[in-house]
There are 2 protein chains.
Amino acid sequence: MVTENEFLAEYKLSDYERPSVTADVAAFMIRSGEKTSYRKDPEHKLSLLLIRRGGHPYKGMWALPGGFMQSDETVEECALREIMEETSVRPVSIMPVGIFSQPGRDPRGWIISSAYVSIISEESVKQVACDDASDAQWFNVSFEEEEDGIFRLSLSYEDIVLNAVLAEKSASFGRTMFDIVDSGSLAFDHAAIIAAALMALRSAAKSFETVFDFLPDKFTLSALQKVQETIMNVSMLPANFRRMVSKYVEETGEYLRGDGHRPAMLFRRRKTPVK
Amino acid sequence: MVTENEFLAEYKLSDYERPSVTADVAAFMIRSGEKTSYRKDPEHKLSLLLIRRGGHPYKGMWALPGGFMQSDETVEECALREIMEETSVRPVSIMPVGIFSQPGRDPRGWIISSAYVSIISEESVKQVACDDASDAQWFNVSFEEEEDGIFRLSLSYEDIVLNAVLAEKSASFGRTMFDIVDSGSLAFDHAAIIAAALMALRSAAKSFETVFDFLPDKFTLSALQKVQETIMNVSMLPANFRRMVSKYVEETGEYLRGDGHRPAMLFRRRKTPVK
DNA sequence: CAAATAGTGTCTCTAAGACAATATCAC
DNA sequence: GTGATATTGTCTTAGAGACACTATTTG
């Protein structure tokens, strides 16, 4: 009869083959563009952080930030650590997207990826120096269904344009997964991870859970609406949007002025949605 | 200058420490109980498959079915394989619950778990011999919020009752996670996995995506309603339930008779929700 | 004043909840 | 007939979409 302690003393995990595990993060930010007129609000664009790979494999190609998990942390902590290393910003929240474990997805060997979406506010990123020659850059994102079940993902940064094509694989339980038709020069299976991350983001944004993380503590309702519209790729009537979010926000009494039109009240997120 | 092929030929994954990865599955079934009257519909109970551990660690305690992932499969395939080994049933669907990777969660060493919910129809399980002396048994499930943020999970099979207590950790993005207050004699952190799986199941059932997988191809609307009510732990008026699911089902024209009351039409799932 | 956004009110339509009423069977 | 479920219809209410209208600012 072997006791549990005796068993554990003898136990060798090395008897079994093990995968390496990475946490890869699709970090999104919503950027406001150039002011085209002194009083017109600028365009807002969804952008995604990509890293140019400095070493093999996929050397010189763009990939999601990520890294190998260590034994003294959870996968979520690893994901947060990777984002902070690249942006110096601690994301307000991260959300799991799924595990990517297709055999052969990494030419280095058996490496599976646990993917996350994170959301970073433009305010916090602005404080970090943005080096144009850096290997980390924010790409503008466009993601649309071209025909039934076929999606085009376009990522652009200055004159670099990455065009990936994806086929919807399964839509079970609100988490859509994709097969890569054309990787668009993105490293590994990262095109599929990005597409799944975008779908997860949109799905979460349906219930106003996600949106606030893109904004500072105090915000105007039209800023909030812009964020929501940018994520969901839709447009809404301001009057209706106000009604819908009214449960989740509260007035601060402060106003934002100086924009060539009526000042807007600043709101903050309400901890407990009421009414 | 090293080419990618030269790099890969030299590359050794073994330089890095790696975790073992298991896929653990919370497989749910909805069981109908004893007929208390010749015409009254029996009670329906949500049940969960647990395995009595035959070896260390946690020898003799109950745990979720699961096993180590292999390099020639995805984690999802591993999860499906484990369920089929235990039940001889191929689940209609599996849904990811999350990754459980807290350091120290497994006394054998660095082992992380990718958890899934699966749903099995009572019909398919009935065809498999159920051995009372077996190490695999279906436990009745009850899961309720006792006070704010504190949940009690009760699992019972004959005279065995496992009572776990869990504290809500984070509810971000509709995926609730739990800390274990009392494991209720469940192995590893499986009490937390089961709780998270139940929340994922309820959340998915909100949109009528999940429910059909508990039933055979043809079913009556009240059977469907019973399933929905059992998962969500609520009760609904039959008239309203019919209206709500009407988009997702279609008539077969066949009737189920012989139950001491008006025969019910059998419906099937509609591939494309219309109307 | 013109152009732009901020904010309010109201109409309609749809979907969900409550409930009343009828239908059909096995015993 | 009795007791059970099956099925249909209707009333009410809550919320989303559309839209008209007013308010306030800066060049």
Closest nucleotide among dA6(C), dT5(C), dG27(D) to the Lys40(A) side chain: dT5(C)
Heavy-atom check, side chain of Ser121(A) versus side chain of Leu215(A), under 4.5 Å: no
Can you tell me the distance, in whole Å, between the NZ atom of Lys226(B) and the C1' atom of dA6(D)? 12 Å
Ranking dG9(D), dT7(D), dA18(D) by distance to the side chain of Pro238(B), first place goes to dT7(D)
I need the CD-C1' distance between Glu43(B) and dA4(D), as an integer number of Å. 15 Å
Test item: side-chain donor near acceptor, Glu122(A) and Ser32(A), under 3.5 Å: yes
May I have the distance from Leu237(B) (atom CG) to dT10(D) (atom C1'), rounded to whole angstrom? 14 Å
Upstream residue (5' side of DNA chain C) when Arg243(A) and Pro263(A) are each assigned their closest nucleotide: Pro263(A)
Ranking Arg39(B) and Leu266(B) by the position along DNA chain D of their nearest nucleotide, the one closer to 5' is Arg39(B)
If the cut-off is 4.0 Å, is Ser222(A) near the phosphate of dT5(C), judged by side-chain N/O to OP1 or OP2? no
Ignoring hydrogens and angles, answer whether the base of dA4(D) and the side-chain atoms of Asp259(B) contain a donor-acceptor pair closer than 3.5 Å. no
Is it the case that Asn163(A) and Ser154(A) place a side-chain donor and acceptor less than 3.5 Å from each other? yes
With the side chain defined as heavy atoms from C-beta on, Tyr38(A) is closest, among dG7(C), dC25(C), dG27(D), to dG27(D)
Rounded distance (Å) that lies between atom P of dC13(C) and atom CG of Asn240(A): 15 Å
Specify the separation, in whole Å, of atom CG of Leu256(B) and atom C1' of dA26(C). 13 Å
Take the protein atom CZ of Arg257(A) and the nucleotide atom P of dG7(C), then report the distance between them rounded to whole Å. 11 Å
Value in whole Å for how far the C1' atom of dT5(D) lies from CZ of Phe241(B): 15 Å
Just the rounded figure in Å: distance from C1' of dG7(C) to CG of Leu224(A). 15 Å
Arg262(A) side-chain proximity, nearest of dT24(D), dT24(C), dG17(C): dT24(D)
Selected nucleotide, minimal atom distance to Tyr255(B) side chain, candidates dG9(D), dG17(D), dT7(D): dT7(D)
Closest to side chain of Arg242(A), choosing from dT7(D), dT8(C), dA4(D): dT8(C)
Donor + acceptor pair across side chains of Ser47(B), Asn140(B) (<3.5 Å): no
Tell me whether Glu144(B) contacts the main-chain N or O of Arg152(B) through its side chain, where contact means a donor paired with an acceptor under 3.5 Å. no
